[in-house]
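For reference, the structure is listed below as structure tokens.
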There are 2 protein chains.
Amino acid sequence: MPVRIEDVARAAGVSTATVSRALRGLPSVSTDTQETVRRVASDLGYVVSRSASSLATGKTLTVGVVTPYVRRWFFATAIEAVERELRGVGYDALLVGVGEPMTGDVAPFRPEVLQGRVDGMVILTAPLTGQEMDGVRRLAVPTAFVGVAVSGTMSVRVDDVAVGRTATEHLIALGHRRIAHVGGDPEDQLNYTTPLDRRAGWLSAMRQAGLEPPPWYGETSDFTAPGGHRAMQRLLALEEPPTAVFAASDEIAFGVIRAAREAGLGVPGDVSVVGVDDHDLSETMGLTTVRQPVFEQGQVAAQLVLAVIAGDSSRRHEHVLAETRLVCRTTTAAPADTSP
Amino acid sequence: MPVRIEDVARAAGVSTATVSRALRGLPSVSTDTQETVRRVASDLGYVVSRSASSLATGKTLTVGVVTPYVRRWFFATAIEAVERELRGVGYDALLVGVGEPMTGDVAPFRPEVLQGRVDGMVILTAPLTGQEMDGVRRLAVPTAFVGVAVSGTMSVRVDDVAVGRTATEHLIALGHRRIAHVGGDPEDQLNYTTPLDRRAGWLSAMRQAGLEPPPWYGETSDFTAPGGHRAMQRLLALEEPPTAVFAASDEIAFGVIRAAREAGLGVPGDVSVVGVDDHDLSETMGLTTVRQPVFEQGQVAAQLVLAVIAGDSSRRHEHVLAETRLVCRTTTAAPADTSP
DNA sequence: CTGTTAGCGCTTTCAC
DNA sequence: GTGAAAGCGCTAACAG
């Protein structure tokens, strides 16, 4: 039923080889035939069979986008960026979910299934096991990680230690001393250093200011608003609750703020909150945050793998660090009680 | 470099045909050889070439997921659902962005490029032009729409008129009379009836209660918080601002609430707000909303196309309507001034 | 510049 | 139950 290259060849009065060349714009075709073939092909509504072409060339014109979530803002934004970048140059995005890494309620990621299906991969801060990492390497296609640096391949991310430090220093500069942190669970590492790094940044800034925080100021949660909400409730139950909270993501921060308000505390009157990301809703919510350019990181990751696919092996090990910056809005202020 | 079927055949001492059969579990293979082949294949790390297999069978084991956005909650959630459903049965999700439909800053969707690349499609409330729709039909693969009913194929959605009515009736029941609506732009239709339907539901409920709203109570915006924010600012500048707002999405509602609070109005003290969706953050924000099961809609859409692909043509024209329900939280209350 | 001829790696009749 | 051989639709040498 579909039009094959042979139909075009016949209709144009040339060989299939010539049609193939003409359609791909190879130089070794006269402008005339090129034009004729193009017209005939378009008239016939011909479109090359990807499987046949892939089988013959070994290229798939497809890049795998592996991600643990798509519902969370960070991932959704990065995915959209990657997809656009790929589509812009005629590549397809094969979306590969790796399941809830924390709960394992989905079959594990088996990189082998991508064998021969993709020319490259963009992996979004997926907490991969060692096995999975090996599998990824074995695929031997250009691969860029977003959000975490992996040696031997490409990556684009932000300096999460600096992020934690920036947020915390902002709070300290405002005069806060009892500054808590609500971050990701360090147990769930698996090559996923973001939660650890942000926490480290917090600790480092605190210590540098001579403010060793008690262990119970280091709360953990998943990266969701309900998680932040619960964590904040625990913090508020302490004898000496914090006057400021550095949340490891804006979504956590939303939950933290909610818990504070439910407890009758004003934000930023009684407690200041700063997040990380600059989520789509953060401006609307007035959230002070450390902004990271997520869309851009996705774009760059896609560009990197496309470049290496295209043969620019000089970038094969490139690690790019995106800029972050504090965006002050209305959830942080000096503490009510400024005296020591 | 990669292991081919022939390698497995040789190692197992059988023909490639037998390997092919054994690996696919065809009945016409003795249990013994089946087992041997399986083991050898796994030992060798063999994985069938998708392009070769597709070329030979005509099936791609891939379904296209076409969407105008991935960053917006509704789409991200549906995409995640579809991807999981597909992966669960060994199908791949090919993510296809159709660009900002409103601004046209991205190349138009050309369904032909999916020719022969997918066995089916799930199309997420994408405002397709007539041309694009024709292209989709011409692909002649099982296709399910999410969020909009399209005749001649499958769909899963909610009754948006009922949604609008439910939200509005809730406000009316609380005693509100000056109820405005902030919805999507009716200009941007293109088979995308959601904004129109929700608006129609609002109007219908109002009229049924004998409350013909003035035209300027029918505000429009895109489906974002900033859009809702701007729309609410316009509403608040009216001589007689509304005491309640029905926002066509939770994201719009967040913006509306923000604008109200910035104007010094309490929510729900001075103005009530109800949204639609039950966005991930709505519970945390305490937003009253008309919940729609987005994840489930995505699942069902995927199941439908998988079923038809699998040969169950009885569902080829199935239209499923998902349930919605009002979730009362803390952004709606009786108006301050209950007197007429 | 263009045509001929092999495959790419798998599946599928058709025999046995 | 298993093998031989003929494609699936395209691209890549190799001639000319």
Side-chain angles (χ1 to χ4, degrees), chain A residues 1-38 40-41 44-62 90 92 112-119 139, chain B residues 1-38 40-41 44-62 90 92 112-119 139:
Chain A
M1 186 63 227
V3 186
R4 292 151 313 149
I5 198 173
E6 200 188 324
D7 304 324
V8 180
R10 202 166 320 154
V14 297
S15 73
T16 61
T18 300
V19 173
S20 177
R21 293 176 185 124
L23 259 25
R24 282 177 299 155
L26 297 195
S28 54
V29 178
S30 80
T31 328
D32 259 14
T33 33
Q34 156 110 237
E35 198 176 310
T36 318
V37 170
R38 282 237 153 93
V40 172
L44 263 46
Y46 170 72
V47 26
V48 313
S49 153
R50 237 358 196 280
S51 4
S53 163
S54 289
L55 182 55
T57 61
K59 323 219 96 295
T60 62
L61 297 185
T62 300
D92 285 321
E112 312 84 270
V113 307
L114 291 182
Q115 170 76 260
R117 316 230 29 236
V118 297
D119 294 343
L139 286 183
Chain B
M1 187 63 230
V3 186
R4 291 151 315 149
I5 198 173
E6 201 189 324
D7 304 324
V8 180
R10 200 167 320 155
V14 297
S15 73
T16 61
T18 300
V19 174
S20 176
R21 293 177 184 125
L23 259 26
R24 281 177 300 154
L26 296 196
S28 53
V29 178
S30 80
T31 328
D32 260 14
T33 36
Q34 156 110 238
E35 197 176 313
T36 318
V37 169
R38 282 237 153 95
V40 171
L44 263 46
Y46 170 71
V47 25
V48 313
S49 154
R50 231 10 190 273
S51 2
S53 161
S54 289
L55 182 55
T57 61
K59 324 218 95 296
T60 63
L61 297 184
T62 299
D92 285 320
E112 315 80 58
V113 308
L114 291 182
Q115 168 76 260
R117 315 233 26 236
V118 297
D119 295 341
L139 286 183

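Just so it is clear: chains get the letters A, B, ... in the order the sequence lines come, proteins before strands, and each one is counted from 1. Everything quoted here is computed from the prediction, not taken from an experiment.
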ask   = C:dC10 phosphate, OP1 or OP2: any side-chain N/O from B:Ser20 under 4.0 angstrom?
value = no

Which nucleotide in C:dT12, D:dT11, C:dT4 has an atom nearest any side-chain atom of A:Ser15 = C:dT4

Set of residues satisfying side-chain contact (heavy atoms from CB on, under 4.5 Å) with respect to B:Val40, sequence neighbours excluded = B:Val8, B:Ala11, B:Ala12, B:Thr36, B:Leu44

Integer-rounded Å distance: C:dC1 C1' and A:Gln34 CD = 12 Å

task = Would you mind reading off the distance between A:Asp32 atom CG and C:dC1 atom P, rounded to a whole angstrom?
result = 11 Å

Contacts of A:Ala52 that satisfy side-chain contact (heavy atoms from CB on, under 4.5 Å) - sequence neighbours left out = A:Ser49, B:Leu55

Protein-nucleic acid N or O pairs under 3.5 Å, nucleotides 13-16 of chain C:
| unit_1 | atom_1 | unit_2 | atom_2 | d |
| --- | --- | --- | --- | --- |
| C:dT13 | O4 | B:Arg21 | NH2 | 3.3 |

note = When rounded to whole Å, the CZ to P distance for the pair B:Arg24 and D:dT2 reads 15 Å

task = Given side chain to side chain contact (heavy atoms under 4.5 Å, CB included), test A:Val48 with A:Ile5 step by step and report yes or no.
result = CA-CA 7 Å; A:Val48 313; A:Ile5 198 173; over 6 Å; no

note = What one should report as the nearest heavy-atom pair of A:Arg38 and A:Ala22 is NH2-O, 3.4 Å

ask   = Considering all heavy atoms of both residues, which atom of A:Ser15 and which atom of A:Ala9 are nearest to each other, and what is their separation?
value = C-CB, 3.8 Å

key: A:Thr16 side-chain N/O to C:dG3 phosphate OP1/OP2 under 4.0 Å   = no

Least distance between heavy atoms, B:Arg4 atom then B:Asp7 atom = N-OD2, 2.7 Å

ask   = Can you tell me how far P of D:dG9 sits from CG of A:Leu44, to the nearest Å?
value = 15 Å

ask   = Taking the side chain as C-beta and beyond, is there a heavy-atom pair between B:Val19 and B:Val14 under 4.5 Å?
value = yes

request  = Select base, sugar-phosphate, or nothing to describe what B:Val19 touches, counting heavy atoms under 4.0 Å on all strands.
outcome  = nothing

inquiry  = Within this structure, what is the OG1-CZ distance for the pair B:Thr60 and A:Arg50, rounded to the nearest 0.5 Å?
reply    = 12.0 Å

key: B:Glu112, CD: over 12 other non-hydrogen atoms inside 6.0 angstrom   = yes

inquiry  = At 4.0 Å (heavy atoms only), tell me whether A:Ser28 reaches a base, stays on the sugar-phosphate, or touches nothing.
reply    = base

Sub-3.5 Å pairs of nitrogen or oxygen atoms, protein against nucleotides 7-9 of chain C:
| unit_1 | atom_1 | unit_2 | atom_2 | d |
| --- | --- | --- | --- | --- |
| C:dC8 | O2 | A:Ala56 | N | 3.3 |
| C:dG9 | N2 | B:Ala52 | O | 3.3 |

request  = Send over the distance from B:Asp7 CG to C:dC10 P, rounded to a whole Å.
outcome  = 9 Å

message = Rounded to whole Å, please give me the gap between CD in B:Gln115 and P in D:dC10.
response = 10 Å

query = If we only count heavy atoms from C-beta on, is the B:Val37 to B:Leu23 side-chain gap below 4.5 Å?
reply = yes

request  = Provide, to the nearest angstrom, the distance between the NZ atom belonging to B:Lys59 and the P atom belonging to D:dC8.
outcome  = 18 Å

query = Within this structure, what is the CZ-to-P distance between B:Arg50 and D:dG9, rounded to whole angstrom?
reply = 19 Å

task = Five pairs at each end of the helix from C:dC1-D:dG16 to C:dC16-D:dG1: take the axis at both ends and give me the angle between them to 10°.
result = 30°

task = Scan for salt bridge (Lys or Arg N to Asp or Glu O under 4.0 Å) pairs involving residues 8-31 of chain B, sequence neighbours excluded, and state none if there are none.
result = B:Glu6-B:Arg10

task = Pick base, sugar-phosphate or nothing for A:Ser54, based on heavy-atom distances below 4.0 Å to the nucleic acid.
result = nothing

task = Check whether any side-chain nitrogen or oxygen of B:Thr18 sits under 4.0 Å from OP1 or OP2 of D:dG3, and answer yes or no.
result = yes

Which atom of A:Gly25 lies closest to which atom of A:Gln34, heavy atoms considered = CA-OE1, 4.2 Å

